[in-house]
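In what follows, every heavy atom counts, from backbone to side chain, and hydrogens, waters and symmetry copies are set aside. Atoms within a ligand are numbered from 1 in the order they appear, just like the ligands themselves.
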Amino acid sequence: AKDLGRNGFQFYSADMNNRMRERLYLEQSLRNAISRHELSLWYQPKLDLSSNTIRSTEALIRWHHPQLGVISPADFIPIAEDTGLILPIGAWIIEDATRQISEWRDKEDQNIRVAINISAHQFGHQRLSEQIIQALESLQLPPRLLTLEVTETALMTHMEAAVRQLQALRDIGVCVALDDFGTGYSSLTYLKHFPIDVLKIDRSFVADIAHDTESGAIVRTIITLAHSLNMTVVAEGVETQAQLAFLKENGCDEIQGYLFCKPLPAGDFLEFLRHHR
Ligand code: C2E
Ligand code: CA
Ligand code: CA
Ligand code: CA
């Protein structure tokens with residue numbers, strides 16, 4: 001039994017060691033990812049259901065690792081958050097997304113609204129709102145072209161700082177969307193106090209709406225709730241015609257998902273937009 005225990009420990013420890021080495025390696029290369037131009041924003045269109053047009057898009061970060069290929073944000077954003085690297089990366093996202101909005105305006109004569117994802121940690125950083133205001137001013141962009149997607153959990157983590165900064169941004173016209181709505185811990189009371197313009201229904205609810213009556217009821221309720229609070233509703237992760245039909249029928253404002261379009265590099269996104277019109 002003693003031997004087994006020791007072998008078990010050794011096995012476990014070697015495994016841990018590998019994982020730690022892998023993580024350390026990722027962390028090291030993430031430190032240089034910005035200066036080596038390995039990060040990029042991809043764009044997933046949102047379809048406006050009432051007009052059948054694309055006026056907005058969500059920017060999703062991609063990391064092109066020279067050895068490992070494309071690394072998903074689900075794998076590196078947590079590392080960026082743990083190490084504090086999310087601050088320079090978050091600043092880069094703001095800079096690159098606003099640069100892109102500006103480029104589409106100047107070169108294509110298109111006012112495309114871009115939503116960026118904001119991490120909880122960025123709210124702990126006092127300059128977030130200043131950073132955003134400065135980026136918008138230096139490019140002379142209408143603030144309404146920028147949306148911030150924040151999760152309930154992010155809002156709760158630094159509640160006072162988050163509400164204060166979002167309020168300041170919203171005062172100048174920046175849009176605020178509550179991401180992954182329904183999956184966090186926040187109670188409905190907070191909806192009244194948080195400065196929010198858009199609810200994004202989480203993919204987990206959308207997945208089952210066509211067959212599962214509970215998910216259908218939840219989604220219908222979220223849409224009604226949002227509209228009665230003067231908010232608009234976006235459904236994410238729409239993959240089937242049946243889901244789209246359900247959302248249309250129940251008054252959802254915008255949809256996003258593989259059924260319509262996957263996230264695309266900026267150039268391909270523009271191409272997609274041209275063909276859709
Ligand atoms: P999220 O904000 O909920 O983004 C939606 C995710 O769902 C994206 O994954 C998107 O590619 C994926 N998706 C879109 N349509 C469909 C669909 O029809 N079916 C399925 N199964 N998935 C769909 P992605 O790009 O891998 O991003 C994962 C998460 O990483 C995001 O979830 C967000 O939390 C985070 N993230 C992505 N980009 C950024 C960023 O720039 N900053 C920060 N802080 N977080 C980011
Ligand atoms: Ca999002
Ligand atoms: Ca989401
Ligand atoms: Ca989600």
Side-chain angles (χ1 to χ4, degrees), residues 30 33-34 38-47 56-64 69-100 113-125 128 131-132 146-155 157-158 162 175-184 196-210 219 222 233-244 247 252 254-266 268-269 272:
L30 190 55
I34 299 180
E38 292 168 7
L39 300 179
S40 63
L41 293 178
W42 284 33
Y43 294 88
Q44 184 176 39
K46 297 180 185 177
L47 178 69
S56 53
T57 176
E58 176 176 8
L60 294 155
I61 197 166
R62 296 292 179 264
W63 179 16
H64 308 263
V70 178
I71 302 177
S72 142
D75 293 326
F76 74 87
I77 291 291
I79 299 178
E81 289 174 337
D82 287 351
T83 53
L85 285 169
I86 193 65
L87 295 180
I89 292 175
W92 177 84
I93 292 167
I94 293 165
E95 208 175 287
D96 203 59
T98 49
R99 179 197 57 74
Q100 188 63 73
R113 306 177 60 158
V114 172
I116 59 175
N117 291 282
I118 302 289
S119 282
H121 297 61
Q122 292 177 267
F123 288 114
H125 181 67
L128 176 70
Q131 235 171 48
I132 292 175
L146 186 69
T147 296
L148 308 179
E149 294 196 2
V150 298
T151 61
E152 296 162 277
T153 318
L155 282 181
T157 312
H158 297 281
C175 234
V176 179
L178 197 52
D179 205 354
D180 301 343
F181 186 69
T183 61
I196 298 160
D197 307 284
V198 181
L199 290 187
K200 283 194 85 173
I201 304 175
D202 192 66
R203 174 163 94 227
S204 57
F205 298 115
V206 174
D208 304 323
I209 44 177
V219 167
I222 295 176
V233 194
V234 181
E236 68 176 17
V238 179
E239 294 181 349
T240 68
Q241 288 292 349
Q243 291 163 355
L244 174 61
L247 291 161
C252 181
E254 286 183 300
I255 60 134
Q256 208 185 328
Y258 295 164
L259 173 69
F260 181 52
C261 186
K262 290 196 171 183
L264 300 169
D268 295 355
F269 168 78
F272 182 86

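- Judged by distance alone, with hydrogens and angles left aside, the side-chain atoms of Thr57 form a donor-acceptor pair with the main-chain N or O of Gln44 at under 3.5 Å.
- Within the structure, the closest approach of Arg62 to ligand 1 falls below 4.0 Å when heavy atoms are considered.
- Here's the thing with Glu149: none of its N/O atoms is less than 3.5 angstrom from an N/O atom of ligand 1.
- Atom OD1 is the N/O/S atom of Asp180 found closest to the Ca ion (ligand 3).
- With hydrogens and angles disregarded, no donor-acceptor distance shorter than 3.5 Å links the side chain of Asp180 to the backbone of Asp202.
- In summary, Arg113 and Glu254 do not engage in a salt bridge, as defined by a charged side-chain N under 4.0 Å from a carboxylate O.
- At a 4.0 Å heavy-atom cut-off, ligand 1 touches Glu58 through the side chain alone.
- The shortest heavy-atom distance from Lys200 to ligand 1 is not under 4.0 Å.
- For ligand 1, the atoms closer than 4.0 angstrom to any heavy atom of Gln44 are 14 (C), 15 (N).
- Taking the side chain as every heavy atom from C-beta outward, Thr147 and Ser56 never approach each other to under 4.5 Å.
- Judged purely by atom type and a 3.5 angstrom limit, Gln243 has no side-chain atom pairing as donor or acceptor with the backbone of Ala210.
- The atom of Glu149 nearest to the Ca ion (ligand 2) is OE1, with the search restricted to N, O or S atoms.
- Atom OD2 is the N/O/S atom of Asp179 found closest to the Ca ion (ligand 2).
- Nearest to the Ca ion (ligand 2), among the N, O or S atoms that Glu58 has, is OE2.
- For ligand 1, the atoms lying closer than 4.0 Å to a non-hydrogen atom of Ser119 are 44 (N).
- Proximity to Pro73 (heavy-atom distance under 4.0 Å) selects the following atoms of ligand 1: 24 (P), 25 (O), 26 (O), 27 (O), 28 (C), 30 (O), 36 (N), 37 (C).
- Counting heavy atoms of neighbouring residues, nucleotides and ligands inside a 6.0 Å radius, atom CD of Glu38 exceeds 12 of them.
- Ring orientation note: the planes of Phe260 and Phe272 are nearly perpendicular, at an angle over 60° on the 30°/60° scale.
- If you number the atoms of ligand 1 from 1 as listed, the ones under 4.0 Å from a heavy atom of Asp179 come out as 2 (O).
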Please list, one pair per line, the donor and acceptor atoms closer than 3.5 Å that link side chains of residues 70-89 to other protein atoms, with sequence neighbours excluded.
residue : atom : partner : partner atom : Å
Ser72   : OG   : Ala74   : N            : 3.0
Glu81   : OE2  : Ser119  : OG           : 2.8
Asp82   : OD2  : Arg23   : NH2          : 3.3
Thr83   : OG1  : Ile79   : O            : 2.8
Thr83   : OG1  : Ala80   : O            : 3.3
Thr83   : OG1  : Leu85   : N            : 3.4

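- Contacts of Leu60 with ligand 1, taken as heavy-atom pairs under 4.0 Å, involve both backbone and side chain.
- The backbone N or O of Arg203 sits less than 3.5 Å from a side-chain atom of Glu236, completing a donor-acceptor pair.
- Near Glu236, meaning under 4.0 Å from one of its heavy atoms, ligand 1 places the atoms 3 (O).
- Within the 4.5 Å cutoff, the side chain of Leu128 has heavy atoms near those of the Ile94 side chain.
- Looking only at side-chain heavy atoms (C-beta outward), Phe123 and Ile118 come within less than 4.5 Å of each other.
- Heavy atoms of Gln256 come nearer than 4.0 angstrom to ligand 1 in no pair at all.
- Neither the backbone nor the side chain of Ile89 comes within contact range of ligand 1; no heavy atom lies under 4.0 Å.
- Atom OE1 is the N, O or S atom of Glu236 at the shortest distance from the Ca ion (ligand 3).
- When each of Leu244, Ile201, Thr240 is paired with Val206, the side chain to side chain contact (heavy atoms under 4.5 Å, CB included) condition holds for Ile201 and for no other.
- Here the options are Tyr43, Tyr258, Phe269, the test is side chain to side chain contact (heavy atoms under 4.5 Å, CB included), and the partner is Pro263; only Tyr258 passes.
- The ligand atoms of ligand 1 that sit less than 4.0 angstrom from a heavy atom of Ile93 are 40 (C), 41 (O), 42 (N).
- Polar contact check, Ile61 against ligand 1: a nitrogen or oxygen pair lies under 3.5 Å apart.
- The part of Asp180 lying near ligand 1 is the side chain, judged by heavy-atom distances below 4.0 Å.
- Heavy-atom contacts of Glu239 reach the following atoms of ligand 1: 17 (C), 18 (O), 19 (N), 20 (C), 21 (N) (cutoff under 4.0 Å).
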